Amino acid sequence: MLDLGNRPGVSQESWRLKIDGLVAHPFDWNWKEFQDQPQIVSVSDIHCVTAWSRFDNRWEGVSARHILSLAKPLPVARFVVFHGFDGYTTNLPLKDFDAGDALVAYSWEGKKLPREHGGPARVVVPRLYFWKSAKWVNRIELIASDRPGFWEMLGYHDHGDPWTEERYG
Ligand SMILES: Nc1nc2c(c(=O)[nH]1)N[C@H]1C(S)=C(S)[C@@H](COP(=O)(O)O)O[C@H]1N2
Ligand SMILES: [Mo]
């Protein structure tokens, strides 16, 4: 399952990324503000819960650590929920997002991120199964106690570490 079949067409003009919840400095970027941030390249493997992997993906975008350094999570913030333009949600511990290899990517393999893969921009959290990497990301919400997202409510594992095969509940 790659998505819910509803692949929202989000133009750069209508694109927004909001970070809110338990942060000292919530903000809301338009496309230009997002592009004006420092960019990183992150090469990582993709692990899907249905047992396929794709190695050495080259992502470009804005690092999670940079986003978090601007938003300044409050000490009580322990979990993150990503919201997509398609209504998708997924949850994870803040420490997995604040891990150095996570980013909000707008480019994959040297090309503009295609719509089917979450363009204009998606989250990439390499250390967790790929359902945690929200496509068409629109909002990053910081919360104190865990709140299951779309697949997590339907029985996928709450954490989703591929190394210990945390696939289902
Ligand atoms: N917004 C959003 N993000 C999503 C999904 C979705 O339905 N909506 N599906 C997830 C699942 S289950 C997978 S396996 C990956 C698929 O990413 P890909 O289409 O780039 O391979 O996106 C994840 N991110
Ligand atoms: Mo998936």
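Note that ligands are numbered from 1 as they come in the structure, with each ligand's atoms numbered from 1 the same way. It should be emphasised that the depicted structure is a prediction, and the values quoted were computed from it without experimental measurement.
Contact of the V104 side chain with the F34 side chain is registered, since non-hydrogen atoms from C-beta on lie closer than 4.5 Å. For the pair D28/E33, no side-chain contact is recorded, criterion being any heavy-atom separation below 4.5 Å from C-beta on.
The E116 neighbourhood of ligand 1 comprises atoms 19 (O), with distances under 4.0 Å to a heavy atom of that residue. Residue contact check: S133 has heavy atoms under 4.0 Å from atoms 22 (O), 23 (C), 24 (N) of ligand 1. Near A134, meaning under 4.0 Å from any of its heavy atoms, are these atoms of ligand 1: 3 (N), 24 (N).
Residue H117 places at least one N or O, backbone or side chain, under 3.5 Å from an N or O of ligand 1. Annotation: K135 places an N or O atom under 3.5 Å from an N or O atom of ligand 1; distance criterion only. Between R122 and ligand 1, at least one pair of N/O atoms sits closer than 3.5 Å. Between C48 and ligand 1, a contact under 3.5 Å exists for no N or O pair. For ligand 1, one of its N or O atoms has an N or O atom of L4 under 3.5 Å away.
In this structure, G118 falls outside the shell of residues with a heavy atom less than 4.0 angstrom from ligand 1. Using a 4.0 Å cutoff on heavy atoms, W151 counts as a contact of ligand 1.
For W52, the CH2 atom is densely surrounded, since the number of other residues' heavy atoms within 6.0 Å is greater than 12.
Only the side chain of Y88 comes within contact range of ligand 1, with a heavy atom under 4.0 Å; no backbone atom does. At a heavy-atom distance under 4.0 Å, no atom of F150 approaches ligand 1. The backbone and the side chain of D3 each have at least one atom closer than 4.0 Å to an atom of ligand 1 (non-hydrogen atoms only). Contacts between F130 and ligand 1 below 4.0 angstrom, taking non-hydrogen atoms only, involve backbone and side chain alike.
The aromatic rings of F27 and W29 are tilted relative to each other, their planes meeting at an angle between 30° and 60°.
Counting only N and O atoms by type, the side chains of Q39 and Y106 include a donor and acceptor under 3.5 Å apart. In the model, W59 has no side-chain atom that pairs as donor or acceptor with a side-chain atom of E109 under 3.5 Å. H83 and T89 are not linked by any side-chain donor-acceptor pair at a separation below 3.5 angstrom, with hydrogens and angles left out of the test. Inspection of the Q37 and H66 side chains reveals an N or O donor paired with an N or O acceptor under 3.5 Å.
Of all protein heavy atoms, the one lying nearest to atom 8 (N) of ligand 1 is D86 OD2, 2.7 Å. In terms of protein heavy atoms, atom 11 (C) of ligand 1 is closest to L2 O, 3.5 Å. The nearest heavy-atom contact from the protein to atom 14 (S) of ligand 1 is M1 O, 3.3 Å.
Under a 3.5 Å cut-off, the side chain of S107 and the backbone N or O of E60 do not form any donor-acceptor pair.
Proximity of the aromatic rings of F82 and Y88 is defined here by a centroid distance below 6.0 angstrom, and this criterion is not met. The distance between the ring centers of Y156 and W151 falls below 6.0 angstrom.
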